[in-house]
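Here the structure comes first, spelled out in structure tokens, and everything after it is commentary.
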Amino acid sequence: MADALRPAPRMLLLDDARLADLRSRLAGDLAPQWRRLAEQCDLYRRTAPPAEHPLASITYLGPAAANLALAYRLTGQEHYLEEAWRWISAALSFEHWGRAHMPDHDLDAGWILHGLSLAYTWLGDDLGPERAELLRAKLALQGERLYDFAVASEGSWWSSSFWQNHHWICHTGLATVGYALGERAWTERAKAAFSTVVDVLPADGSDMEGVVYWRYGVPWLATYLDLLQHTEGVDWWDRCGFLANTFWYRLHQAAPGYEEIVDHGDCHDRRSGHSVALYRILAARYGLGEAQWLADTVADRFFWREAYESGVRPGVLPEAWAELLWYDAAVAPVDPAGSVPTQAAFDDLGLLVHRTSWDDDATLLSFKSSPGGGHTAWETSRRLDAERGWDTLSAGHHHPDAGSFVLASRGAWLLVDEGYSNRKRAGHHNLVLVDGQGFAGEGRYHVYADAPPTRTADMADVLAEGGFLHGRARTGRMYPEELGVETLERTIAVLPSGRTVVVDRGRATQPRAWTLLFHADHPAREATPPEPGAVSNELRNGRAGAWLTTYAPGAGSERVVTEVEANPTSSTPDLVVTRRLHTLRVTPPPARDLLAVTVIEPFDAFHTDAAANPAARLLPARAGVAVDLGAGEVAYLAGPAGVIDVDGVTAQARAVLVAGEGGDRRVAVVGARHVRLDGREVLASPPDGSDDDVTRVLGAGT
């Protein structure tokens, strides 16, 4: 009888004043959010929860309880209470949460603890004493199991993997049940974990796990910070630089048109990238009108296609409760096309993005190069591991893709990544193989596990502004030592039109076969090169087309199919995703040194006159590489000595990029100390003793 008299728990995230405010707005500015919640609850009414624990994941049971409990608390309509109990009962009936992988100790437990704990506090006394006690007891049991595992496994797997979605989800579940039941040890454990997380995530907002796991995991960071603020009055929103800036990472990883994503990292597909709820809370907490705009755009145009075509479960549908609670009508939507630059650089992940505009038919290129997990995770994890004897990195979703890039244009993909893979290989990316081999340590899930501290890549000489993009990916250390790769660098320059120059330079201790890989969704077609000695191919996909021409003496090319198959979640063993890549392989004769210049010229495949022939030409150069891309665009790129010497141009610079003609001409320089262009000194040498290099767009009419 004592248990039956246990007082109702304090409502999490809600109080009487907030409830009254929400109820008053359900037919007003919250009407779309209420409609979403009501429709989701009706979906539960028309669906039966499992009678027995399936082999697949049961994470969806948590948000089902939360959605139905919130609908009841907002309306007082008893059918929502009874439906909530039907779904809660299913979770209570299972002895363990999770069957195929780490029962009670991983994602299933984290998701369900969070949702059922919210429901427990929102339903309160209305559950009745018997039901409330059954739910409380199961929450206590599962919370203890998860807490004990977190303590016992400290220093390994998700318990201390600060950059990983499992860490965020499980600790948020633990915190929620701790707050619901008054278990201070559980909430303090989660608080200590997140106190580290908010300080060690990259402040530029980039996510080494890629957009799909950003969409899956980052909402839990926001969930925890929201919970912490409401329960303890502790505000970590400004402290967490990652959350403050991560919307910009996500925005720049949107394919033109916003519906699809750039799929660096483990990505089930190109559509699993949106979370309306997360956009809402980022808009609310940081005043981001662009996040509010994207939330509106997804809700109005893309939501149902995302819901039913996304390979990530439980997906966007169960986030209805958060969409309602996190919406702030005071934040006005702002179209990014009028406020956000079309180039961006995220230093931590070595990620550079260029798009010709924010229009749906724009051309986009995304290029990346960093150590495993990004610079912050790579360096900080090693420090923490050395101090504490832990293993914290867990960068299994970060691919061996340093130096790779993808390309989209006019609503379609031209050069692509492989998406999700269990046995990750550099050969699945648009990279360079050396004697047919990719990165050291590849061919397994976590390529960067046990890697020596010197096995790193980075991005240098970055320019991302004014319609120009430039970066130099240094990746030579990523290859097995026995190959004797002394250096391997890829420089990419993108001009305002989207025309792109890729320069690959390498050196090995003995002659090697250097193979350039270009992956596409559809086979490349061999084309007549613009001049002898070049290898030219044509890429087409719907309206998108591109000429891809490689200048490398004696190079040959072949077209092969690359099959990639993976199981993206151990909690659902029978789930398999596959991708078939059509791979173009360009290989010069074996040599110690590699110099290959690839020019990519996007075109509109529906206008055959514009697509008749490649326009770009490689220019003679005494030092460096020069490419005339046509229409007034020219790229001058330095060699290893940092010098450019071409007819009309002499420079001590990493790059000189020219776009336009006459008074409309703009010049961008990278790492420059002196530039003379067409007989005119456009950048003077710095005073003696100055080491300052210049990287910027010099302006129109230069």
Side-chain angles (χ1 to χ4, degrees), residues 13-15 17-18 21-22 24-25 28-34 36 168 172 194 197-199 201-207 211 214-215 217-254 258 273-303 316 319-348 351 353 355 358 464-465:
L13 306 180
L14 296 172
D15 55 32
R18 190 178 189 196
D21 175 64
L22 293 173
S24 71
R25 297 162 55 201
D29 65 285
L30 284 178
Q33 285 72 33
W34 165 250
R36 261 278 292 128
W168 310 335
T172 300
F194 276 109
V197 168
V198 298
D199 290 338
L201 288 180
D204 66 4
S206 60
D207 187 353
V211 173
W214 180 94
R215 176 264 168 280
V218 174
W220 291 90
L221 294 175
T223 299
Y224 178 77
L225 264 60
D226 191 40
L227 191 65
L228 179 67
Q229 186 170 18
H230 278 87
T231 53
E232 298 192 34
V234 176
D235 185 344
W236 281 357
W237 292 97
D238 289 335
R239 175 178 168 183
C240 187
F242 172 84
L243 272 182
N245 291 303
T246 197
F247 174 74
W248 307 117
Y249 159 77
R250 173 62 186 89
L251 183 66
H252 284 286
Q253 290 292 273
Y258 302 100
H274 289 301
S275 169
V276 173
L278 180 57
Y279 298 152
R280 294 296 189 205
I281 199 168
L282 294 178
R285 296 299 180 181
Y286 299 112
L288 300 179
E290 291 85 357
Q292 194 83 305
W293 180 91
L294 188 55
D296 289 345
T297 300
V298 174
D300 293 343
R301 295 172 53 194
F302 309 143
F303 186 84
V316 296
E319 294 179 350
W321 70 269
E323 290 175 30
L324 191 148
L325 292 184
W326 289 349
Y327 176 65
D328 183 354
V331 180
V334 175
D335 188 339
S339 62
V340 181
T342 51
Q343 288 76 47
F346 298 89
D347 294 341
D348 194 85
L351 176 66
V353 189
R355 69 184 71 221
W358 288 100
E465 63 177 86

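Computed from a predicted structure; not experimentally measured.
Annotation: side chain of His230 is not in contact with side chain of Asp15 (no heavy-atom distance under 4.5 Å). A heavy-atom distance below 4.5 Å is not found between the side chains of Phe242 and Asp348. Side-chain atoms of Leu251 and Pro336, non-hydrogen and from C-beta on, do get closer than 4.5 Å to each other. Using a 4.5 Å heavy-atom cutoff, the side chains of Val197 and Tyr224 are not in contact. In this structure the side chain of Val331 never reaches within 4.5 angstrom of the side chain of Leu288, judged on heavy atoms.
One distance of note links CG of Asp207 with CG of Leu351; it measures 11.0 Å at 0.5 Å rounding. In this structure, the separation between CD1 on Ile281 and OH on Tyr327 is 14.5 Å, given to the nearest 0.5 Å. Taking CH2 from Trp237 and CD from Gln229, the interatomic distance works out to 7.5 Å, rounded to the nearest 0.5 Å. Between atom CH2 of residue Trp358 and atom OG of residue Ser339 there is a gap of 8.5 Å, rounded to the nearest 0.5 Å. Distance check: Asp235 CG to Arg285 CZ gives 7.0 Å after rounding to the nearest 0.5 Å. Summarising the geometry, atom CG belonging to Leu225 is positioned 8.0 Å from atom CZ belonging to Phe194; distances are rounded to the nearest 0.5 Å.
Put simply, the side chain of Arg18 gets close to the backbone of Leu325: a donor and an acceptor are under 3.5 Å apart. Of the possible donor and acceptor atoms, one in the side chain of Asn245 sits under 3.5 Å from a partner among the backbone N and O of Gly241. Side chain of Gln33 to main chain of Trp326: no donor-acceptor pair is present (N/O by atom type, distance under 3.5 Å, no hydrogens or angles).
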Starting from the C-alpha separation in whole Å, work towards a yes-or-no answer on side chain to side chain contact (heavy atoms under 4.5 Å, CB included) for Leu201 and Thr246. CA-CA 10 Å; Leu201 288 180; Thr246 197; over 6 Å; no
Give the C-alpha distance, both sets of side-chain angles, the deciding distance and a yes or no for side chain to side chain contact (heavy atoms under 4.5 Å, CB included) between Leu243 and Val218. CA-CA 8 Å; Leu243 272 182; Val218 174; 3.8 Å; yes
Does the pair Trp293 and Tyr258 meet the rule for a ring-ring contact (aromatic ring centres under 6.0 Å, His included), with working shown? CA-CA 11 Å; Trp293 180 91; Tyr258 302 100; 5.0 Å; yes
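Residues passing the side chain to side chain contact (heavy atoms under 4.5 Å, CB included) test with Ser275, sequence neighbours excluded: Arg215, Pro219, Ala277, Leu278, Glu319. Checked against side chain to side chain contact (heavy atoms under 4.5 Å, CB included), Val298 has the following partners two or more places apart in sequence or in another chain: His274, Val276, Tyr279, Leu294, Phe302.
Nearest heavy atom pair, residue Ala299 against residue Phe303, reads O-CB, 3.9 Å. Across Val340 and Glu290, no two heavy atoms sit closer than the pair CG2-CG, 4.0 Å. The heavy-atom pair separating Pro32 from Asp29 by the smallest distance is CD-O, 3.7 Å. The shortest heavy-atom contact between Tyr249 and Val211 is OH-N, 3.7 Å.
Note on Arg280 versus Asp296: salt bridge recorded, some NZ/NE/NH1/NH2 to OD/OE distance being below 4.0 Å.
For the residue pair Gln253 and Trp214, no side-chain donor N or O sits within less than 3.5 Å of a side-chain acceptor on the partner.
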